[in-house]
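Take a look at the structure set out below.
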Amino acid sequence: MALLLSLSRNKISVRASTKYLELKSYMYSLYRLINVLLILVLFMPLSHAGNGDRLGLSIDPTHFRTPTASSTTKTVGEFAVGDTIFTLRFSNPRFPCDSLQYLVDVEFQSNFPNTQLFGINLRYWYDDSKLEFQNYVMAFPTSYQAEVPVITTLITQGPAWFNFAGAADYVNGGIQHIGGYLPPYAHYIATAPGWTKLFTIAFHIDDPNADPANFFTSVIGDLEQYPQYGGFLPGNDGIVMTAITITGGSVPTTEHTIPFNWNYIYAPPPPPTQPAPYGTPANTYGTPLACAPIMTCPGNITIACGASTLPSNTGYATATDFCPNGNATVTYSDAQSGGVCPNANMITRVWKATDNCGFQSYCPQYITVGTGAFCNLLVSNTGDSGIGTLRSAISCAVSGDTIVFHSSLAGTTIIVNTSKLILSKNLFIRSSITPKVKIKSTIAGLFDITAGYTTEFKDLDITSGL
């Protein structure tokens, strides 16, 4: 009887356990269903964000979509997944004279703080007769990297789509986050009214008639047949941006763009009615191309005493001019030092380029005039051998000559590092410049004066070797 009761109790226990497992399975299924519903609610803004829901591409920040009142309780991660809107703008055009490139910054703005751009498929157009794409310059080179973009020239679309006189160039390429997601690699996108620059587009200016005072051109992104929708001409897949999630992944975001120097004229939806062409240059942000001519001087040269010192014999300077309506005028002036032939001397020729915009540039050329055939008694460089060196002057001089030093060597050091300087003639080696020229050797000894000859040194700082 006890055995039967025990078995019966065990049976009841098994049934109870089975009921418990069934209830647990039901609760787990209910839990999963609730999670799925929450995710659907969370992603609902994306699933319903069709073209008709996207706002116009406008430089008016009040047109940007903002989170609704019910979404303000969401976490940062939830915003990054479902509600982030990135706005891109082309801005700050400039022409720095050190690079001679037309630079346009690409800046971003987020509708929610502490968001990061993961990647972007950047697409934009520009006037082929005015600009030519060269490269991207990353503001944070350790965090973002650009692939080599594809450039397509659209001959007929330039006038048809953008009112250009000629062709439009279309650039398409990706830029992606490659650094870490924490400082110093975490570059958060600013919220209004601020902007975050992530990279710069560098162009070459092709316009031969560019106005140096105010150069106007347009850079256009995210444009389609109906500009209020954004997107890629003539479809609807425009500049595609993704945001970094709290787990380090990425999700698509809603994007807006603000083109540079471009106006849209369109009827708001519904229905979109804007025909081609879709815009005209605004010409409200001119860029000065205030750069002086770039000069290239002919090389320094040594000529014989009595030879022609005209540029036809010594070389001409050239200038690259950025001012329209003519080329720069190139002139020169000479200053002579060290005496006149038959004594050694040097001509310092200063070349000058003056353009029609009033800018000037200069570059020097040194012309050494030697005694005799090609002997140069004017030391003009600190080398140990070759034209214009002390060793060369000592070698070609004759007894009784005076070797002098060019004023550009003041305070410099002539280093003898191959062999001692042989003085087998009566010479005067004199300097009259300050600070004094130093003569130093890195070998044992410096001068080797042959018996029976004398050498006079004046106003020189001489240090022997070992």
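The structure presented is a predicted model; accordingly, all values stated were derived computationally and were not measured.
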Kindly indicate, with the supporting measurements, whether the criterion side chain to side chain contact (heavy atoms under 4.5 Å, CB included) is fulfilled by Thr115 and Phe86.
CA-CA 9 Å; Thr115 55; Phe86 280 148; 3.6 Å; yes
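- When atom types are taken as modelled, the side chain of Asn111 and the backbone of Ile85 share a donor-acceptor pair closer than 3.5 angstrom.
- Applying ring pair (Phe, Tyr, Trp, His ring centres under 6.0 Å) to His187 and the options Phe199, Phe140, Phe108, Phe118 leaves one that passes, Phe140.
- Listed for the Arg94 side chain is a donor-acceptor partner under 3.5 Å among the backbone atoms of Asn92.
- Within the 6.0 Å centre-distance limit, the rings of His177 and Tyr144 are counted as a close aromatic pair.
- The closest side-chain heavy-atom distance from Thr87 to Thr257 is not below 4.5 Å.
- Of all heavy-atom pairs between Leu377 and Cys396, the closest is CD2-SG, 4.5 Å.
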Tell me, with the steps shown, if Ile120 and Ile239 meet side chain to side chain contact (heavy atoms under 4.5 Å, CB included).
CA-CA 7 Å; Ile120 176 172; Ile239 293 175; 3.6 Å; yes
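- In summary, Arg89 and Glu107 engage in a salt bridge, as defined by a charged side-chain N under 4.0 Å from a carboxylate O.
- Heavy atoms only, all atoms of each residue included: Ser308 and Ile303 are closest at O-CD1, 3.7 Å.
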Kindly determine whether Ile244 and Ser250 satisfy side chain to side chain contact (heavy atoms under 4.5 Å, CB included), including the steps that lead there.
CA-CA 5 Å; Ile244 297 174; Ser250 66; 5.7 Å; no
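- A donor-acceptor pair is defined here as one N or O able to donate and one able to accept, closer than 3.5 Å; no such pair exists between the side chain of Thr253 and the backbone of Ala243.
- Tyr102 has its ring centre less than 6.0 Å from the ring centre of Phe215.
- The minimum heavy-atom distance linking Ser380 with Thr368 is given by the pair OG-OG1, 4.0 Å.
- Considering only residues two or more places apart in sequence or on other chains, Thr242 meets the side chain to side chain donor-acceptor pair (under 3.5 Å) condition with none of them.
- Ring centroids of Trp125 and Phe260 are separated by 6.0 Å or more, keeping the two rings apart.
- Here CD1 of Ile439 is found 8.5 Å from OG of Ser431. Values are rounded to the nearest 0.5 Å.
- Contact annotation: the side chain of Glu132 approaches that of Asp128 to within less than 4.5 Å [non-hydrogen atoms, C-beta and beyond].
- Side-chain contact between Ile347 and Thr309: present, with at least one pair of heavy atoms (C-beta onward) separated by less than 4.5 Å.
- Thr314 places a side-chain N or O within donor-acceptor distance of the main-chain N or O of Leu310, the cut-off being under 3.5 Å.
- The distance from the OG atom of Ser99 to the NE2 atom of His204 is 11.0 Å, given to the nearest 0.5 Å.
- When atom types are taken as modelled, the side chain of Ser218 and the backbone of Asn261 share a donor-acceptor pair closer than 3.5 angstrom.
- The minimum heavy-atom distance between Asn327 and Asp321, with the atom names listed, is C-OD2, 3.6 Å.
- Ile201 contributes atom CD1, which lies 10.0 Å from atom CG of Leu131 (distance to the nearest 0.5 angstrom).
- Rounding to the nearest 0.5 Å places CG of Asn381 at 8.0 Å from CD1 of Ile414.
- Side-chain atoms of Ser110 come within 3.5 Å of backbone N or O of Phe112 as a donor-acceptor pair.
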Take Lys352 and Val350 through the side chain to side chain contact (heavy atoms under 4.5 Å, CB included) test and state the conclusion after the steps.
CA-CA 7 Å; Lys352 179 175 72 171; Val350 178; 5.7 Å; no
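- Without hydrogens or angle criteria, Ser361 side chain to Pro293 main chain gives a donor-acceptor distance under 3.5 Å.
- Ring planes of Trp351 and Tyr316: tilted class, angle from 30 to 60°.
- Using a cut-off of 4.0 Å between Lys/Arg side-chain N and Asp/Glu carboxylate O, Arg391 and Asp384 are scored as salt-bridged.
- Atom OG1 in Thr329 sits 6.5 Å away from atom CG in Asn356 (nearest 0.5 Å).
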Just do the ring pair (Phe, Tyr, Trp, His ring centres under 6.0 Å) check on Trp262 and Phe216 with the steps written out, would you?
CA-CA 10 Å; Trp262 200 258; Phe216 293 98; over 10 Å; no
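- Scanning for ring-ring contact (aromatic ring centres under 6.0 Å, His included) contacts around Phe203 gives Tyr126, with sequence neighbours left out.
- One N or O on the side chain of Gln109 and one on the backbone of Gly194 form a donor-acceptor pair closer than 3.5 Å.
- Considering only heavy atoms from C-beta on, Thr196 stays 4.5 Å or farther from Tyr188 through its side chain.
- The residues Lys436 and Asp461 are annotated as not salt-bridged, no charged nitrogen and carboxylate oxygen being separated by less than 4.0 angstrom.
- Looking only at atom types and distance, the side chain of Asp105 has a donor-acceptor partner in the side chain of Thr200 under 3.5 Å away.
- Among the candidates Leu88, Leu117, Ile175, the single residue satisfying the side-chain contact (heavy atoms from CB on, under 4.5 Å) test with Leu198 is Leu117.
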Residues Asp169, Thr153; criterion side-chain hydrogen bond (donor to acceptor under 3.5 Å, both in side chains); working and verdict:
CA-CA 4 Å; Asp169 275 0; Thr153 300; 2.9 Å; yes
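- With Gln116 contributing its side chain and Thr245 its backbone, the two residues share no donor-acceptor pair below 3.5 Å.
- Shown here is Leu100, whose CG atom has more than 12 heavy atoms of other residues, nucleotides or ligands within 6.0 Å.
- Judged by distance alone, with hydrogens and angles left aside, the side-chain atoms of Gln101 form no donor-acceptor pair with the main-chain N or O of Ala202 at under 3.5 Å.
- A ring-centre distance under 6.0 Å is found for Tyr366 and His406.
- Side-chain atoms of Gln365 and Ile301, non-hydrogen and from C-beta on, do get closer than 4.5 Å to each other.
- For Thr413 against Thr382, the heavy-atom pair with the smallest separation is O-CB, 3.5 Å.
- The minimum heavy-atom distance linking Ala319 with Ala328 is given by the pair CB-CB, 4.4 Å.
- In this structure, CG in Asn417 is found 7.0 Å from CD1 in Ile415, a value given to the nearest 0.5 Å.
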